[in-house]
Every structure is written in C-alpha cells, then in structure tokens.
Amino acid sequence: MSKIFDIDWRKMTHEEKWTWVFLSTAIIAFIAYCIWLTSQSSSTPLTEIAYVSPMLLAIGSAIISTIFGEILIAATAPKGKKRDARDQEIIKEAEHSGQFLVTIGGMAVVIMAMLKLNHFWIAHTMYLAFVGSAIITSVVKIIYYKKGFYPC
C-alpha cells in the first residue's frame with residue numbers, strides 16, 4: 001500500500017501528476033468547507049446556515065487550484081509529451097469507477113427534491129457525491145499508475 005502512495009514527481013506521467021493535484025485540491029477544499037460548516041453549526045442550526053457562498057467558494061477554489069496546478073505541471077513538463085493509449089485507458093476505466101457515486105447522488109437529490117426537503121440537504125448531498133466521485137476516480141487512477149493497468 002505504501003508503494004501506491006509513494007510520490008516521486010520525476011517518475012510520474014503528466015496525467016498522474018494532474019491526478020494528484022486534482023485529488024489534493026478536492027480533499028483540501030472539502031475539508032476546509034466542512035471545518036467552516038462545523039464551526040457555524042455550534043451556534044446555528046444546520047438548515048439555517050448561510051452555506052451557499054462558502055460552498056461556492058470551496059468549489060471555485062478547488063477548480064482554480066486545479067487549473068493552476070495543471071498550468072504548473074504543463075510548464076515543467078517535457079515538450080511534446082501527450083497522453084498515450086495507456087493514459088486514455090486508465091482515465092476511461094477510473095472515470096467508470098467513480099461515476100456510480102454521482103449517479104446515486106443525483107438520484108438521491110431528485111428524491112429529496114420530490115420530498116421537498118430543505119435545500120441545505122439537497123446541496124450537500126450533491127456536493128458530497130461530487131467530492132466522493134473525485135476521490136474514488138483519483139485513487140483508482142493512482143492505483144492503476146502505480147500497480148499497473150491490465151484491462152481484461
């Protein structure tokens with residue numbers, strides 16, 4: 001297991017580096033948002049917290065950080081290095097492994113809306129599904145890069 005999370009930037013492909021950046025920014029933004037939400041919940045009931053702007057800030061920060069990370073990776077990468085067939089297969093397979101969580105989250109959100117639940121719960125369910133999917137997809141990609149990818 002420790003070999004999977006052995007981070008040596010010099011040996012990684014461009015896509016693997018980007019995956020680490022994506023995973024890190026998704027987790028950091030989500031944790032920061034959860035810390036903020038927890039601090040607010042001590043004095044205000046959850047459904048009354050003004051969460052929209054902070055959630056958008058967390059999501060936007062993750063997106064912008066990922067973009068800056070991609071720019072840094074691209075600026076330091078050897079010229080002409082493009083995705084190869086292995087990268088494309090890893091991306092495709094990993095995306096499939098994380099997609100189920102977005103589907104489940106989407107179905108849950110539809111049901112919650114039909115039940116007219118508070119928007120707080122609906123928004124957080126979808127946010128959790130997106131973050132969970134990003135984590136699963138990224139971890140699967142990293143495992144494929146470290147352990148090898150052998151499609152059936």
Side-chain angles (χ1 to χ4, degrees), residues 1-9 11-38 41 46-47 49 51-77 81-152:
M1 187 72 159
S2 63
K3 192 174 188 179
I4 292 171
F5 296 104
D6 179 28
I7 302 173
D8 184 354
W9 288 94
K11 295 179 183 177
M12 289 184 196
T13 66
H14 177 88
E15 191 63 37
E16 186 179 358
K17 289 176 186 177
W18 182 86
T19 301
W20 277 106
V21 169
F22 182 70
L23 175 64
S24 301
T25 57
I27 291 172
I28 290 168
F30 184 72
I31 289 172
Y33 177 75
C34 287
I35 290 169
W36 173 84
L37 189 64
T38 303
S41 68
L46 281 175
T47 56
I49 294 174
Y51 67 90
V52 175
S53 293
M55 182 184 280
L56 290 174
L57 180 64
I59 294 168
S61 296
I63 292 168
I64 291 168
S65 297
T66 301
I67 291 168
F68 281 128
E70 174 67 17
I71 291 168
L72 286 172
I73 291 167
T76 61
K81 177 73 173 132
K82 297 194 175 170
R83 285 184 182 161
D84 58 17
R86 179 177 175 253
D87 285 325
Q88 291 170 343
E89 286 297 314
I90 287 173
I91 292 165
K92 183 176 80 172
E93 290 297 319
E95 292 293 329
H96 287 293
S97 63
Q99 192 61 37
F100 80 95
L101 203 51
V102 172
T103 303
I104 291 170
M107 289 174 17
V109 164
V110 169
I111 292 167
M112 294 168 88
M114 288 176 182
L115 296 173
K116 297 183 180 173
L117 295 182
N118 189 292
H119 289 141
F120 175 90
W121 300 113
I122 294 171
H124 285 86
T125 298
M126 201 69 244
Y127 184 35
L128 182 60
F130 283 135
V131 171
S133 177
I135 291 169
I136 291 169
T137 300
S138 297
V139 169
V140 168
K141 280 184 191 179
I142 290 165
I143 290 170
Y144 284 158
Y145 276 112
K146 296 295 184 186
K147 290 279 198 178
F149 177 67
Y150 310 101
C152 297

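We number each residue from 1, following the sequence as shown.
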Practice task
Flag the pair Lys92 and Glu89 as a salt bridge only when some basic side-chain nitrogen lies within less than 4.0 angstrom of an acidic carboxylate oxygen.
Solution key: yes

Handout entry: Side chains of Phe68 and Val21 in contact at under 4.5 Å (non-hydrogen atoms)
Key = no

Problem - Minimal non-hydrogen separation, Ala129 against Val102, with atom names - result: O-CG2, 4.2 Å

Fill in the blank from the handout: Residues Ala29 and Ala62: closest non-hydrogen pair is CB-CB, 3.7 Å

Problem - 4.5 Å side-chain heavy-atom contact, Lys141 and Glu95 - result: yes

Practice task
Supply the atom-to-atom distance Trp18 CH2 to Leu72 CG, rounded to the nearest 0.5 angstrom.
Solution key: 14.5 Å

Exercise for the section: Please round to the nearest 0.5 Å and tell me the distance separating atom OG1 of Thr76 and atom CD1 of Ile71. Expected result: 12.0 Å

Handout entry: Nearest atoms (heavy-atom pairs only) where Ile136 meets Ser97
Key = CG2-O, 3.6 Å

Practice task
Check whether any side-chain N or O of Ser138 sits under 3.5 Å from a backbone N or O of Ile135 as a donor-acceptor pair, and report yes or no.
Solution key: no

Problem - Contact check, side chains of Ile91 and Glu15, non-hydrogen atoms, under 4.5 Å - result: yes

Practice task
Decide yes or no for Thr47 and Trp121: does some side-chain heavy atom of the first lie under 4.5 Å from some side-chain heavy atom of the second?
Solution key: yes

Exercise for the section: Indicate yes or no: at least one non-hydrogen side-chain atom of Gln99 is less than 4.5 angstrom from one of His96. Expected result: no

Handout entry: Value rounded to 0.5 Å, distance of CD1 in Ile67 from OG1 in Thr25
Key = 10.0 Å

Practice task
Of all the heavy-atom pairs spanning Leu46 and Ser41, show the shortest one and how long it is.
Solution key: CD2-CB, 3.8 Å

Handout entry: Interatomic spacing from OG1 in Thr66 to CG in Leu23 - rounded to 0.5 Å
Key = 10.0 Å

Practice task
For residues Asp87 and Tyr144, determine if any side-chain heavy atom of one lies less than 4.5 Å from a side-chain heavy atom of the other.
Solution key: no

Exercise for the section: On the 0 to 90° scale, with breaks at 30° and 60°, tag the Phe120-His124 ring pair as parallel, tilted or perpendicular. Expected result: tilted

Completion exercise
Separation between CG (Leu56) and CD1 (Ile63), nearest 0.5 Å, reads 9.5 Å

Problem - Sub-4.5 Å side-chain heavy-atom contact between Glu70 and His14 - result: yes

Exercise for the section: Supply the atom-to-atom distance Ile49 CD1 to Met55 CE, rounded to the nearest 0.5 angstrom. Expected result: 10.5 Å

Exercise for the section: Step by step, work out the ring pair (Phe, Tyr, Trp, His ring centres under 6.0 Å) result for Tyr127 and Phe30. Expected result: CA-CA 9 Å; Tyr127 184 35; Phe30 184 72; 5.4 Å; yes

